[in-house]
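Single-structure report; data block below.
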Amino acid sequence: MTYPAHLQIAIDGPAAAGKTTVARATAERLGILYLDTGAMYRALACMALRTGTDADNGAALARLMQSSPIEVELDDSAQLGFRIKAGGDEFDEATLLSNEVTAIVSTIAAHAEVRAEMVNAQRRIAERGPVVMAGRDIGTVVLPEAPVKIYLTASVAARIERRRLQLQQAGVDVDAHRLAEEIDERDRLDQTRAISPLEPAPDAHMIDSSDINAQGVVDEICAIVGRL
Ligand code: DC
């Protein structure tokens, strides 16, 4: 498939809507780079837990990012589809998805100082080539000029089931009731924060994946790319 040299595909949406699966599969199909930006916020949450940095202290978190930058290596053979390191450690999926990290990541992501550092880092990564980037503010803030923007949603029931499977496969303990509360609370925090809240870009294509599997969503995205 041919596509513009500057192709950027921004995929945003609420927690567990299937963004990472769809973004990775789209990147594979098109042979372009893939990055899940949620993993960068989760890596910072891991660093905060390891160093005892307060999740409420945005300035201290930004200092932590400056002293131990989050390094991302785009490598589609890696477990996550990329490698993510900071402070000499590489983070695996089970660590990034752990309950301790999930509990603080939305608080960490709400700080203006943290978001400024993250957005800069993500834009630098996008300079490496055509990319599919998944997150909450990719189409609105990180890559506002992206020619393809997707806002991916799914019913709460579908999202709970997907996250349950993802956690199970990563070997993280799950409790379905707690999962529902956690997803609900993170959506609330992500949608109501003052800086770059989760919202669709005005020019985003809205896709509800409740009744379509990941390949179906990838087909839709590739059809949009084909019309560019
Ligand atoms: O996609 P995820 O569940 O791994 O994201 C973890 C948290 O990171 C999420 O609750 C909000 C935050 N996040 C963000 O604020 N902006 C992004 N671009 C990606 C994630």
Side-chain angles (χ1 to χ4, degrees), residues 8-24 34-49 55 58 61-62 65 70 72 79-82 84 91-126 131-144 146 149-154 156 159-160 162-167 169-170 172 174 179-201 204 209:
Q8 293 176 331
I9 302 178
I11 303 185
D12 294 300
K19 300 182 298 294
T20 56
T21 309
V22 163
R24 189 172 180 179
Y34 154 68
L35 176 67
D36 165 30
T37 59
M40 296 175 72
Y41 288 93
R42 286 176 181 271
L44 179 60
C46 292
M47 294 289 290
L49 290 170
L61 290 163
M65 282 188 76
I70 295 171
V72 177
Q79 179 196 30
L80 290 165
F82 50 87
I84 184 155
F91 302 103
D92 65 13
E93 189 177 30
T95 307
L96 294 175
L97 291 178
S98 68
N99 294 319
E100 297 74 20
V101 166
T102 299
I104 60 168
V105 68
S106 288
T107 303
I108 283 181
H111 297 294
E113 303 93 322
V114 168
R115 300 204 71 82
E117 294 282 335
M118 289 287 184
V119 169
N120 283 336
Q122 290 156 9
R123 286 184 181 150
R124 280 197 301 272
I125 292 168
V131 67
V132 184
M133 215 179 254
R136 302 290 190 291
D137 61 341
I138 309 304
T140 49
V141 177
V142 179
L143 304 175
K149 296 180 187 172
I150 307 293
Y151 193 83
L152 189 64
T153 57
V156 173
R159 291 162 56 201
I160 291 171
R162 281 177 197 161
R163 186 50 59 102
R164 194 186 64 73
L165 273 175
Q166 183 190 25
L167 293 176
Q169 281 161 6
V172 177
V174 273
L179 205 54
E181 282 179 358
E182 175 256 301
I183 287 178
D184 202 52
E185 174 64 1
R186 280 202 303 131
D187 283 352
R188 191 187 62 76
L189 290 172
D190 295 343
Q191 284 164 349
T192 59
R193 66 178 176 227
I195 321 282
S196 316
L198 168 66
E199 60 185 353
S209 69

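Only heavy atoms go into these numbers, but all of them, side chains included; no hydrogens, no water, no symmetry mates. Just so you know, ligand 1 is whichever comes first in the structure, and atom 1 is the first atom listed for that ligand.
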Donor on one side chain, acceptor on other, T95 and D92, under 3.5 Å
yes
Is there a side-chain contact between L198 and P14 in this structure, where contact means two heavy atoms from C-beta onward sitting under 4.5 Å apart?
yes
Residue A109 vicinity, atoms of ligand 1 by number, heavy atom under 4.0 Å:
12 (C), 15 (O)
Can you find a heavy atom in the side chain of L96 that is under 4.5 Å from one in the side chain of E93?
no
In the protein, which heavy atom is nearest to atom 4 (O) of ligand 1, and how far is it?
R42 NE, 2.7 Å
What atoms of ligand 1 come closer than 4.0 angstrom to any heavy atom of R115?
14 (C), 15 (O), 16 (N)
Relative to ligand 1, is R186 under 4.0 angstrom through side chain, backbone, both or neither, heavy atoms considered?
side chain
Does a side-chain heavy-atom distance below 4.5 Å link N120 with M65?
no
Give the atoms of ligand 1, by number and element, whose distance to some non-hydrogen atom of D137 is under 4.0 Å.
16 (N), 17 (C), 18 (N)
Just by distance, with hydrogens left out, do S106 and D190 show a side-chain donor and acceptor under 3.5 Å apart?
yes
protein heavy-atom neighbour closest to atom 17 (C) of ligand 1 works out as R136 N, 3.3 Å
Which heavy atom of L61 sits nearest to which heavy atom of A55, and what is that distance?
CD1-O, 3.7 Å
What residue and heavy atom of the protein are closest to atom 19 (C) of ligand 1, and at what distance?
T37 OG1, 3.4 Å
Do any heavy atoms of S106 fall under 4.0 Å from ligand 1?
yes
Flag the pair R24 and D36 as a salt bridge only when some basic side-chain nitrogen lies within less than 4.0 angstrom of an acidic carboxylate oxygen.
no
Does only the side chain of Q122 get under 4.0 Å from ligand 1, or the backbone, or both, or neither? Count heavy atoms.
neither
the protein heavy atom lying closest to atom 8 (O) of ligand 1 turns out to be Y41 CB, 3.6 Å
Is there any N or O on D36 that sits under 3.5 Å from an N or O of ligand 1?
no
With R186, which of E181, R136, Q191 fulfils side chain to side chain contact (heavy atoms under 4.5 Å, CB included)?
R136
Logged contact type for M133 with ligand 1, heavy-atom cut-off 4.0 Å, is neither
Between R159 and T153, is there a side-chain heavy-atom distance shorter than 4.5 Å?
no
Using a 4.0 Å heavy-atom cut-off, which part of M118 comes near ligand 1: side chain, backbone, both, or neither?
neither
